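Please read the structure below before turning to the comments.
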Number of protein chains: 2
Amino acid sequence: MQDVLCDVTSCFLCTNCIPEWREIIAMKKQTRLFKKNESIFSEGDDVKGIYFIYSGAVKIHKQWSDEKDMIIRFSSAGDILGHRGLGGANKYPVSATALDTTKACFITNQFLETLLRSNHDLTYKLMHFYASELQKAEQRMRNLAHMDVKGRIAETLLDLKKVFGLNDDGFIGVVITRQDIASYAGTTYETVFKLFNDLTSEGVIVTEGKSIRVINEEKLRKMVG
Amino acid sequence: MQDVLCDVTSCFLCTNCIPEWREIIAMKKQTRLFKKNESIFSEGDDVKGIYFIYSGAVKIHKQWSDEKDMIIRFSSAGDILGHRGLGGANKYPVSATALDTTKACFITNQFLETLLRSNHDLTYKLMHFYASELQKAEQRMRNLAHMDVKGRIAETLLDLKKVFGLNDDGFIGVVITRQDIASYAGTTYETVFKLFNDLTSEGVIVTEGKSIRVINEEKLRKMVG
DNA sequence: CGACACGTTGATCTACATCAATGGTGGTGG
DNA sequence: CCACCACCATTGATGTAGATCAACGTGTCG
């Protein structure tokens, strides 16, 4: 991890949330740079603050017995990390790891609290942000409980596409291991494979190494239900 | 459903959240009464407002193909209902049904929005409330994905005990069908029995009709992990 | 060129859903 | 008051998705 000058112009909150934020960030003039696979924070760490992602790709995950972990969600430019730490507990309940080189603005807790206390609009918007995250979480809960593995993998692909978009060649805009896909879909490595083969022969996706291209999005949607 | 005078003294927000709220509620002087099994609102309904539960028991659930539904969470006195409707969408994403006679204060959206706009403390506390709900949701997501059915049923029992407490005889403070337990644990009717039998012969729980008494909470916790 | 990790595939094994049969209970009408 | 029916509880039998295990192939680095 490395500190660099803050690229204020592309900050999520600057453009999407509140104008005042721009000045506040400008005061800090500091972002942090994480390399691929570098940990941003870990489950159980003291909550020191919150991150706003400028660019890159991140997974939020939680340990589950030895060597099994579950990926809660993926994040990209414009997202907020570590906000789950706000709710009373002073330990992060999850871990965040960079899937790719990631630039993020770090705001200390104290600073954020002061902001929230004094800036009503920010609090209000953050509340709505939480509300929509909650809806997403519950949607996913239902899916994990009642959908078969194929459907969950289809959902994973759609989510990846939505969060990371496509690169110039039309592939999903992040390189991700099959293990990570399995962890998000709540299944195993081997099963991901076998179903990737199925999806390929059904003409739904094409893979090239670890890159994935979605050919027939409609079909994927149908699998999700 | 029936409107009655608001019992201000026992309102969640009055006692737990902000003092000013007491006066605001007093202005409305209105609660709604729901009978057992009565629907409070349904998935897809227009969001009209938010409810604060004074007393009773409620399940929040979401349809999943014909005749299958998933219970997202249980709520009792002091909880907020319908707040998920706040996040942009103007349709409720879930349904709420009374598990028992339930008294709830209804606040229209417009009224709530005005409140939130003018009352920073309320917004701030509601934000924290969402944050902790989010943590719970993610916890449950993980459990549904990776825990076996027995563990999920154990979790269900612990959650029920936590939310509804115990009645005078030491039984879990709500009468609930096995179908509902199955819907919460993400399993089927029949499986719930078989595992209830196991749990009974293991001396973990005792059932009397639909009432459930937890004997060995420690053992339940161990099953959850 | 060997070795070691990781990708890939097939073979088994099990937890749980699903289905089907039986037993109990309460409600209704004769 | 009893008999019948309908509906839910309970249990056993069967089927299957997908985890787990193990073997084999392939790329990569010393």
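Because the structure is a prediction, the values reported are computed rather than measured.
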Quick one: A:F193 CZ to D:dG25 P, roughly how many Å, whole number? 15 Å

CZ on B:F106 to NZ on B:K48, rounded to 0.5 Å: 7.5 Å

Figure out the CH2/P separation between A:W64 and D:dA19, and round it to whole Å. 15 Å

Once you round it to whole Å, what is the distance between P of D:dG18 and CZ of A:F196? 15 Å

Salt bridge check: are A:K91 and A:D45 linked by an N-O gap of less than 4.0 Å? no

So, B:R213 versus B:S211: side-chain donor-acceptor pair below 3.5 Å or not? no

Distance in angstrom units between A:I153 CD1 and D:dA19 C1', rounded: 13 Å

Minimum-distance nucleotide (side-chain atoms of B:T191 versus D:dA19, C:dA17, C:dT8): C:dA17

Given atom CG of A:D198 and atom P of D:dA17, what is their separation to the nearest angstrom? 12 Å

Can you check whether B:K68 has a side-chain N or O nearer than 4.0 Å to OP1 or OP2 of C:dT18? yes

Grab the CZ-C1' distance between A:R178 and C:dC6 for me, whole Å please. 12 Å

Value rounded to 0.5 Å, distance of NZ in B:K68 from OG1 in B:T188: 9.0 Å

Distance in angstrom units between B:M147 CE and D:dA19 P, rounded: 17 Å

If you assign A:E190 and A:D148 each to the DNA chain D nucleotide with the nearest heavy atom, which residue ends up on the more 5' nucleotide? A:D148

For A:K210 and D:dT26, give me the distance from atom NZ to atom P, rounded to whole Å. 18 Å

For B:V149 and A:N197, take the nucleotide of DNA chain C holding the closest heavy atom to each; which residue's nucleotide lies nearer the 5' end? A:N197

Of the candidates D:dT20, D:dG12, C:dC16, the side chain of B:T187 sits closest to C:dC16

